[in-house]
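Bear in mind the structure is a predicted one, so any value in this text is a computation, not a measurement.
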Protein chains: 2
Amino acid sequence: MTEPDHPSVARRISAPPSMSALAAEALRDMVLAGDLRPGDRVIENRLTEQLGVSRPPLREAMRVLEQEGLIVQVPRKGAVVAPITPHDIYEIVSLREEIEQIAVRLGVPVRSRERLERLRLAFANLEAAAEEPGASRVVETSFAFHLAVVGLAGHKRLEDVYRSLSLQMRMCMAMNRRARAAIETAREDAARHRPLMELVEAGDLEGMAHTLAHHGQRTFLLTIEDDAEGHSPESRAWFARIRKEEEEAMRHD
Amino acid sequence: MTEPDHPSVARRISAPPSMSALAAEALRDMVLAGDLRPGDRVIENRLTEQLGVSRPPLREAMRVLEQEGLIVQVPRKGAVVAPITPHDIYEIVSLREEIEQIAVRLGVPVRSRERLERLRLAFANLEAAAEEPGASRVVETSFAFHLAVVGLAGHKRLEDVYRSLSLQMRMCMAMNRRARAAIETAREDAARHRPLMELVEAGDLEGMAHTLAHHGQRTFLLTIEDDAEGHSPESRAWFARIRKEEEEAMRHD
DNA sequence: CGCTGGACTACTGTCTACAAAAGGCAGGCG
DNA sequence: CGCCTGCCTTTTGTAGACAGTAGTCCAGCG
């Protein structure tokens, strides 16, 4: 008779705090907070004593981070935090935007009550965070809101890709020395979410697609230098186009 | 003096045959070949002696397969080959198609010589495989050709997602008892790749986008039952729409 | 003074072993 | 006869240790 306990309650626990999951979360936070910057080596032994876990769970965690695109593993060399070139920025932002468009096209017509409710909750959180003095929660809740918009489609695979891209984007924001500016922009950007929410409630598909286009770029454009190395032909063209559109939009304000 | 060996040649070996990679490949082949069917449990101990590797590399391999969407891990229950519902089919095929559209839109205008060359190679392989009696290589090379089309965009993240979706699609094809029919369709479908290739050479963006739309569906529609369980509202609507479009297209032939 | 060869260091890849938890099965009791 | 409970088996999660390889640094020679 060790413990009768409650054999049924364990069923509800969807997250038995496995060391791997904990390690993954801690590692992800380190990257997102900028403690680990792109290009930094990720040494297993160092991390194990730093996080207080053994190597196997840490390796699992690194696998997760790799899947999320935050670190890359080189076969016999070890792992590094994913280096970010302008081309990567191009990939992340352009794909992210495309996915938002797809999600809206697929999800808005459905108007699932449950998913709409989740979106409203995310919106409420966002507004609450915008009121707070600290700005860190603004970034987090803003990303959560966008994720909830994509979630309207009820498309798991689409959501997974979007989640990864969002994480990579946050890593980029943490990386850059102009991150503070980015956060401020995010706060100002939060005000733009209200009209978006109204379009959702109205079921205005076209309006949402239009609003979402170039919505994230504005925030993000400030976080990088365009004279950095690692440009590809398409990324160079893309940056030029975005900047021009941005200037145009500024004139209209 | 153990071995002077050739310390320089090892540099060129990009793939030191790590046990994990080997295990991943073997496991993937098992799933794609239908030896492991969706819903089957993936027992670690059984697989280790079957593949002749130890548990750690096998776990790494399972992580890779999970990332590819071929298996799912339930925390304290073990792993199973990803079960496929009609809703999953909807997700896979619809997203795959969207990505092809994006890739063409981004990639065709660039006309990178190197990527075009890769595509031509894939096309040559496909034509060669279509001549052979065995049909297995037709499926493989057909998927490779489509991947090369997506590769035109030079968008790594887009390609990765596409690769995953293709693998899941192949798993579905292996799963179904009407797989033989699907393969035959793929062979007939191979003939349709020639006009697509010509559109690429001509740089006809609109034409490609139009040709790619509903291109894969035809092949794939045969591989599933529409009366299966696991439908969602959107998947049901999607199936209905696709079937109608398909019938329409048949009439035009 | 520069280059090349070798040895060293430190990291990753792999394996064996242990502990804990969940599910299945059998036996007993109501 | 059915249900509940306790044990057992199976399987995963975790830990620590070992070997192999790649990169680096130093010393010796040209």
Margin query: Test of understanding: with side chain to side chain contact (heavy atoms under 4.5 Å, CB included), list the residues that count as partners of B:Ala82, not counting sequence neighbours.
Written below: B:Val72, B:Met171
Next item on the list: Quickly work out the B:Arg41 CZ to D:dT11 P distance and round it to whole Å.
Entry: 7 Å
Notebook entry, point to check: Would you say C:dT14 has OP1 or OP2 under 4.0 Å from some side-chain N or O of B:Ser20?
Noted result: yes
Next item on the list: Can you tell me the distance, in whole Å, between the CE atom of A:Met19 and the C1' atom of D:dA15?
Entry: 11 Å
Next item on the list: Would you mind listing every salt bridge (Lys or Arg N to Asp or Glu O under 4.0 Å) that reaches into residues 146-169 of chain B, with sequence neighbours excluded?
Entry: A:Asp88-B:Lys156, A:Asp88-B:Arg157, A:Glu91-B:Lys156, A:Glu91-B:Arg157, B:Asp160-B:Arg163
Checklist line | Nucleic acid contacts of residues 43-59 of chain A, taken as heavy-atom distances under 4.0 Å to DNA chain C | finding: A:Ile43, A:Glu44, A:Asn45, A:Arg46, A:Arg55, A:Arg59
Check: Expressed in angstrom and rounded to an integer, what is the separation of B:Arg63 atom CZ from D:dT12 atom C1'?
Finding: 12 Å
Margin query: Whole angstroms only, please: what is the CD-C1' distance between A:Glu60 and D:dG13?
Written below: 9 Å
Next item on the list: Identify whether the distance between the nearest side-chain nitrogen and carboxylate oxygen of B:Arg63 and B:Glu60 falls below 4.0 Å.
Entry: no
Notebook entry, point to check: How would you list, by chain and number, every residue that makes a side chain to side chain contact (heavy atoms under 4.5 Å, CB included) with B:Ile43, sequence neighbours excluded?
Noted result: B:Arg41, B:Arg46
Note to self: Applying side chain to side chain contact (heavy atoms under 4.5 Å, CB included), can you list everything that pairs with A:Glu114, at least two apart in sequence or on another chain?
What the structure shows: A:Ser112, A:Arg118
Margin query: According to side chain to side chain contact (heavy atoms under 4.5 Å, CB included), who are the partners of B:Asp29, at least two apart in sequence or on a separate chain?
Written below: B:Glu25
